[in-house]
Amino acid sequence: LSSGHRSRSNRKPFTYSSAAQIEADAVGNGLAIVSNNGMEILDSGGRLAMKEVVAMKKPAVTASTTSAAAFDIGNTNLILGDLHGTSHVLKLKNNILTATMNSDGYLAVCTESNGYHGQVTVYNTQGQEVYRWYSGEAYLLTAQVSPDNRYLATLCVGNKGGSVHIMRLDSPDEVAQYEAEETVVTDLRWLENNRIFLLWMVK
């Protein structure tokens with residue numbers, strides 16, 4: 001610029017203690033940052049969109065294009081927040097194993113469950129519970145809602161190997177199942193056109 005004037009921003013830089021556990025994930029063009037102290041969401045300009053202070057021992061985060069969820073692995077704390085500044089804290093009954101959020105903001109939370117090998121609870125974009133599934137035969141690893149918000153896929157592991165179960169969110173009946181015998185499957189993700197990606201360890 002020929003004027004010689006320098007534009008100066010009044011935004012404060014984001015800082016955190018190097019001793020704190022911290023995780024981050026993209027929320028559209030913004031950023032969700034989770035630490036032992038809770039969750040903050042920054043918009044695309046670096047401005048603070050929301051903040052919730054909750055103590056977490058093992059913080060983790062999953063996000064969509066507009067919202068994010070922070071969860072405490074092995075505990076019951078779950079924070080939901082979005083770029084519009086809306087947030088609330090859910091206190092679950094069972095300890096959290098993991099959680100995933102699809103691009104639309106549908107959240108699948110895997111928890112422990114008395115009498116079962118795990119439980120998946122699905123929440124819609126308003127944070128309302130819309131589906132629940134229990135694993136009775138194998139240990140639950142993870143789960144995710146499909147990009148069209150119609151299906152839930154769960155990944156479990158047992159003595160025979162990995163197994164994938166697929167359910168419609170409007171029906172209690174299982175619609176498909178895949179068995180990966182003698183295979184250690186470690187992760188599951190939905191792709192476009194209702195395809196599923198599986199990650200497994202090769203012996």
Side-chain angles (χ1 to χ4, degrees), residues 16 20-28 30-43 48-135 139-156 165 167-170 172 187-190:
Y16 69 94
Q21 294 187 49
I22 187 167
E23 299 287 340
D25 200 355
V27 184
L31 189 67
I33 304 159
V34 180
S35 71
N36 299 109
N37 299 321
M39 178 169 72
E40 297 181 10
I41 294 181
L42 308 179
D43 65 15
L48 182 65
M50 63 77 53
K51 180 177 182 178
E52 282 284 355
V53 177
V54 176
M56 293 189 173
K57 293 182 179 180
K58 295 182 179 179
V61 62
T62 181
S64 71
T65 55
T66 60
S67 59
F71 54 98
D72 194 4
I73 299 173
N75 213 316
T76 59
N77 291 325
L78 177 70
I79 307 171
L80 297 175
D82 59 40
L83 288 168
H84 304 294
T86 303
S87 66
H88 61 281
V89 179
L90 296 178
K91 191 75 172 181
L92 306 183
K93 294 181 179 180
N94 300 308
N95 291 334
I96 300 170
L97 303 173
T98 190
T100 63
M101 184 176 280
N102 73 359
S103 59
D104 280 347
Y106 270 68
L107 180 67
V109 182
C110 300
T111 63
E112 299 174 355
S113 182
N114 292 333
Y116 295 91
H117 293 305
Q119 168 188 324
V120 183
T121 306
V122 177
Y123 300 89
N124 63 16
T125 55
Q126 288 76 45
Q128 302 167 331
E129 180 180 331
V130 296
Y131 196 83
R132 187 177 294 185
W133 182 85
Y134 297 91
S135 180
Y139 290 95
L140 176 66
L141 292 183
T142 188
Q144 190 179 40
V145 176
S146 61
D148 60 10
N149 307 325
R150 297 174 59 195
Y151 298 94
L152 171 70
T154 67
L155 174 61
C156 303
H165 305 264
M167 286 70 62
R168 287 180 60 100
L169 294 183
D170 59 0
D187 204 0
L188 169 150
R189 287 292 183 272
W190 282 94

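Just so you know, residue 1 is the first one in the sequence shown, and it goes up from there.
- The backbone N or O of Ala32 lies less than 3.5 Å from no partner atom in the side chain of Asp25, so there is not a single donor-acceptor pair.
- Scanning all heavy atoms of the two residues, the minimum distance from Leu31 to Ala24 falls at CD1-CB, 4.1 Å.
- No side-chain N or O of Asn36 forms a donor-acceptor pair with one of Lys57 less than 3.5 Å apart.
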Would Thr86 and Met50 satisfy side chain to side chain contact (heavy atoms under 4.5 Å, CB included), going step by step from the backbone distance to the final call?
CA-CA 7 Å; Thr86 303; Met50 63 77 53; over 6 Å; no

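- The shortest non-hydrogen separation linking Leu78 to Ala69 is CD1-CB, 4.2 Å.
- For Ala108 against Val120, the heavy-atom pair with the smallest separation is CB-CG1, 4.2 Å.
- Atom NE2 of His165 and atom CH2 of Trp133 lie 4.5 Å apart (nearest 0.5 Å).
- Rounded to the nearest 0.5 Å, atoms CZ (Phe71) and CG (Asn95) are 13.0 Å apart.
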Derivation of the side chain to side chain contact (heavy atoms under 4.5 Å, CB included) call for His117 and Leu140
CA-CA 6 Å; His117 293 305; Leu140 176 66; 5.9 Å; no

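- Taking OG1 of Thr154 as the reference point, atom CG of Leu188 lies at 8.0 Å (rounded to 0.5 Å).
- Inter-residue side-chain proximity for Val34 and Ile22 is flagged as unmet; no heavy-atom pair is nearer than 4.5 Å.
- Considering CG of Leu155 and OG1 of Thr100, their distance stands at 11.0 Å, rounded to 0.5 Å.
- Under the rule for a salt bridge (Lys or Arg N to Asp or Glu O under 4.0 Å), the partners of Arg168 that lie at least two apart in sequence or sit in another chain are Asp170.
- Remark: the Thr142 side chain and the Gln144 side chain contain no N/O donor-acceptor pair separated by less than 3.5 Å.
- Residues meeting the salt bridge (Lys or Arg N to Asp or Glu O under 4.0 Å) test with Asp43, sequence neighbours left out: Arg47.
- The two residues Ser67 and Gly105 come nearest to each other via the heavy atoms OG-CA, 4.0 Å.
- Atom NZ of Lys93 is separated from atom OG1 of Thr76 by 12.0 Å, given to the nearest 0.5 angstrom.
- With hydrogens and angles disregarded, no donor-acceptor distance shorter than 3.5 Å links the side chain of Asp72 to the backbone of Met56.
- Across all their heavy atoms, Ala143 and Cys110 have their closest contact at N-SG, 3.6 Å.
- What you find for Lys91 and Asn77 is that their closest heavy atoms are NZ-OD1, 3.0 Å.
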Might you work through the side chain to side chain contact (heavy atoms under 4.5 Å, CB included) test for Val145 and Leu152, ending with a clear yes or no?
CA-CA 5 Å; Val145 176; Leu152 171 70; 4.3 Å; yes

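- Rounded to the nearest 0.5 angstrom, Thr62 OG1 and Glu23 CD are separated by 11.5 Å.
- Of the possible donor and acceptor atoms, none in the side chain of Asp104 sits under 3.5 Å from a partner among the backbone N and O of Tyr106.
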